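Heads up, the thing below is written out as structure tokens.
Each chain gets a letter, A, B and so on, in the order the sequences are listed, and its residues count up from 1. Nothing here was measured: the structure is a model prediction, and the numbers come from that model.
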Amino acid sequence: MLTAVSAWQEALSAEIEARFGVALDPAQIPFTFPPKTELGDAATTVAFALAKTLRRPPAEIAGALAGTRLPGVREIRTAGGYMNLFLDRGWAVERLLSRGFLPAGLEGKIIVEHTNINPNKAAHVGHLRNAVLGDTLVRCLRYLGRQVEVQNYIDDTGVQVADVVVGFQRILGWKLRDVRSLIALMRDFTAANGTYVHLQDLIFSWYGFWTADNLKRFGLDGLIPEQACALPYPPVYDYFHGAMGRFDAFCWGLYARVAPWYAQSEENKAARLDTLHLMEEGGNETAEMAALVAEEMVRCHLCTMERLGIRYDVLPHESDILKIGFWASCFEKLKTSGAVHRVPADSEDKNRGCWVMALQESEEFKGMSDADKVIVRSNGTVTYIGKDMAYQLWKFGLLGRDFHYRPFPGSPYPIWRTDAVSSEPGAPSCGGGRAVYNVIDVRQSYLQKIVKEGLRQMGHEKEAERSVHFAYEMVALATKFVRSEMEKGAHFELSEEELAKPFVEMSGRKGLGFQADLLLDRMKDRALAEIETREPELATTDRAQWEHRAEALATAALRFYMVKYNKNQVVAFDLEQALAFEGDTGPYLQYACVRAENILRKAAEQGLAVPDPADPSALSECAPHFDEEGWGLLSLFLRVPIQVKMAVDSLDLNIVARQLYDAAQAFHAYYHHFPVIQEPDPARRSARLLTVALFARLLREGLDQLLGIPVPERM
RNA sequence: GCGCUCGUAGCUCAGUUGGAUAGAGCGUUGGCCUCCGGAGCCAAAGGUCGUGGGUUCGAAUCCCGCCGAGCGCACCA
């Protein structure tokens, strides 16, 4: 409908000029949709807009324009100032199926960066919102004909990874080979038993874990390893609370132990800096452990996201940005363009000795009490914001150089990661985009603004304009939910004051949050049970099918939950609400599609001829027999391209979810009021079969291409 | 202090360049499976759209004030 609307705008603009002598920019002619489908397939309120300049009543203007000939439009009916368009149905359906309402193959690569989880712990529901929004944006852009490169940035050099390494080395007393064994063991168990292994059972029954040191550490010195393995509930059982046989979940628990451990002594606190230094130096066991942990963690995250149908093209690593010298190049540009200056070391300024970017000149930062931002610290190290600027320059191809690339090992699908030294055969070239979307939560708006300002000050005005921060509100935990978890025995460090608020912020450091895989597992369990009540025999006859359907339902429920809210709305996560399969949920949309396809299958089984949507003669034969309600249902899909465009322009992706939900809702109502197979009149039956076939196809396509929601054959 | 965001039904939320009778879901109440799958449908009850002004043919939407809530403004990322 996008392409049709612009044609209508042109035609109307010409007609208005001819009739009233008023030149109106075609793009300014507003097109909307009537509140009820029987009022028309599309509408324009241009008469209201003209009423002011022409000083004539809107209804009169609408009446005068009603005779305008618009391509594909069979009739224009006016209602007050509204002009309601009724389309030629054959024309509309043909274009719906051939994607004739969509622009194709638009020039210029668009880069979308999303997910960006610190590789030191399992993904939680907050990360899911980021990944789902990012992936939905990618799908919408591709739907609109854009070429998209998806990047997932890996911060493998920061304090977060260091903290987990400290946990392994100093709290658990593990060596590199212990971590290696753990990873290998986890992979074996996951492969053998799926996702339902509790780590506690695993780790404590692991003979190798019970070294003399560990026996002593956990107060079991008198025992031999075999005895410790056999203990049903070792004294440290709670130590690994919540880990589910996954390495990332293990690190989640471990990471939460590190902050309290730092708090115990100054000596402990010093371990963080020591570790960071060792990681930076390289060539030692600590650095190797950090790399190992980060890589395995990324693998875990890729698997989690794979469950949701979320994939990436490339994984840029922060360590490579430094090693390959991107930061050095960026720093040169910053200095030569005058974007940064050095504050003299002997000055009184609090930033003495630092390289800072001055922001007080910029409109954006007016009213700031302190408008200087430190880019390079007085000790010569670069801040996060500096590295991000280098990364952003590369994304636009402004560094004039590229990374090397090698395949990321052991990923669930082929994917490239950056490398600082050399490329492997078949390596792609990445970056160099025309526009860039950074999907990052709203709390980083200030920093993202600075990155954009940096581009501007380096003289890249155009790129700064095309640098979009896709800001969304965080996912917090509903206090109601946290309380119920605490009643079940979970321990969180929360004050009464915090518990009095409607929601609490998640915190990886505190281990406060809900893990993505855990949520998906809970949803899957729920789905398995639901399926079992409907098809009890499936559990024994086809277990793989049973699981496949449950996983699809979990994916749908989760993705829809994450995309249905407005991006500015804080999502207060509540397990009960997230686990819902009824009403305004993903499974409701899947069910509409499954139901429609069921009718088609049943009809075919009974030997009824199901009209082929792609066959023009079937279409012209059926079109006159469409029920008005059936057409109203199909006409909702005319809105999709415009809604997707609006969603991408405003970054309010819930528009897309809403639109498909409305279509599903309209179908469920149609289903109950219009029997298809039972309809005795053959012509009418054929028309209804075609309606259902078209609906099923359009909804399946929409769910898959736009929302990334898979639809199983049955559910 | 400065900046951003939010406040709509008992609860969770839609309502997008100001437009047709303010809508969904959950929950409540009452209906609907010998009939294409009841993860569904139909109906009822439930609203001073935080509040007070303003702009205009028209305001939940735009402007100003006030009240309440969240987030940001580091040589952390």
Side-chain angles (χ1 to χ4, degrees), chain A residues 28 30 32 34-36 39 43 45 48 51-52 57-58 79-82 84 118 155 158-160 318 350-356 364-371 373-379 381 383-385 387-388 441-447 471 473-474 476 478 480 501-503 505 527 530-531 533-535 553 564-572 574 576-577 580-585 587-588 590-592 594-596 598-603 606 643 646-647 649-650 652 654-655 657-658 661-662 665 667-679 688 692 714-715:
Chain A
Q28 295 303 311
T32 57
K36 287 180 179 175
L39 289 172
T45 53
F48 289 104
K52 222 166 240 160
Y82 293 95
N84 292 323
N118 268 310
D155 177 5
V159 287
Q160 299 223 26
E318 181 158 293
K350 70 184 170 92
N351 292 333
R352 57 185 173 274
C354 298
W355 286 87
V356 303
E364 295 265 347
F365 297 90
K366 264 202 170 142
M368 296 274 311
S369 55
D370 173 19
K373 183 71 192 174
V374 172
I375 307 297
V376 177
R377 302 182 187 102
S378 53
N379 67 6
T381 57
T383 59
Y384 153 81
I385 191 99
K387 287 179 269 194
D388 216 30
D441 83 70
V442 69
R443 289 171 294 184
Q444 296 210 39
S445 295
Y446 170 67
L447 293 172
E473 264 293 353
M474 64 174 169
K480 195 170 44 168
K501 292 178 178 177
F503 54 80
E505 196 175 342
E530 292 284 338
I531 294 166
T533 61
R534 292 165 175 80
E535 284 185 68
L553 277 150
K564 76 174 180 179
Y565 296 99
N566 184 294
K567 66 177 188 300
N568 296 326
Q569 189 80 35
V570 174
V571 172
D574 181 341
E576 278 311 308
Q577 214 180 318
F581 285 176
E582 288 166 14
D584 192 7
T585 67
Y588 178 90
Q590 290 176 310
Y591 187 45
V594 167
R595 259 187 159 170
N598 250 342
I599 295 176
L600 301 175
R601 187 172 42 239
K602 278 263 160 64
Q606 295 178 22
Q643 304 279 32
M646 273 171 61
D649 289 346
S650 63
D652 287 323
N654 63 321
I655 293 173
R658 198 88 230 153
Y661 175 75
D662 287 347
Q665 203 173 37
F667 175 77
H668 281 302
Y670 181 78
Y671 175 91
H672 283 279
H673 296 297
F674 296 87
V676 179
I677 295 174
Q678 280 83 11
E679 169 57 44
R688 285 186 187 165
V692 172
R714 299 168 65 88
M715 57 189 270

Would you classify [X] as touching base, sugar-phosphate or nothing, given that sugar-phosphate means primed atoms plus P, OP1 and OP2, and contacts are heavy atoms under 4.0 Å?
{"X": "A/Ser378", "result": "base"}
{"X": "A/Arg601", "result": "nothing"}
{"X": "A/Asn598", "result": "base"}
{"X": "A/Phe581", "result": "base"}
{"X": "A/Gln590", "result": "nothing"}
{"X": "A/Tyr588", "result": "sugar-phosphate"}
{"X": "A/Ile655", "result": "base"}
{"X": "A/Asp662", "result": "nothing"}
{"X": "A/Pro58", "result": "nothing"}
{"X": "A/Arg688", "result": "nothing"}

Would you say [N] has OP1 or OP2 under 4.0 Å from some side-chain N or O of [X]?
{"X": "A/Asn379", "N": "B/C75", "value": "no"}
{"X": "A/Gln569", "N": "B/A14", "value": "yes"}
{"X": "A/Arg534", "N": "B/A39", "value": "yes"}
{"X": "A/Tyr671", "N": "B/G38", "value": "yes"}
{"X": "A/Lys501", "N": "B/G70", "value": "yes"}

[atom1]-based separation of [M] from [N] [nearest Å]:
{"N": "B/G46", "M": "B/G53", "atom1": "P", "answer": "27 Å"}
{"N": "B/C13", "M": "B/C6", "atom1": "C1'", "answer": "13 Å"}
{"N": "B/A60", "M": "B/C49", "atom1": "P", "answer": "8 Å"}
{"N": "B/G50", "M": "B/U61", "atom1": "C1'", "answer": "16 Å"}

A/Tyr661 has an atom OH; how far is it from atom C1' of B/C26, in whole Å? 10 Å
With both distances under 3.5 Å as the test, what is the Watson-Crick or G-U wobble partner of B/C71? B/G3
Less than 4.5 Å apart, side chain to side chain, heavy atoms only: is that true for A/Tyr446 and A/Lys373? yes
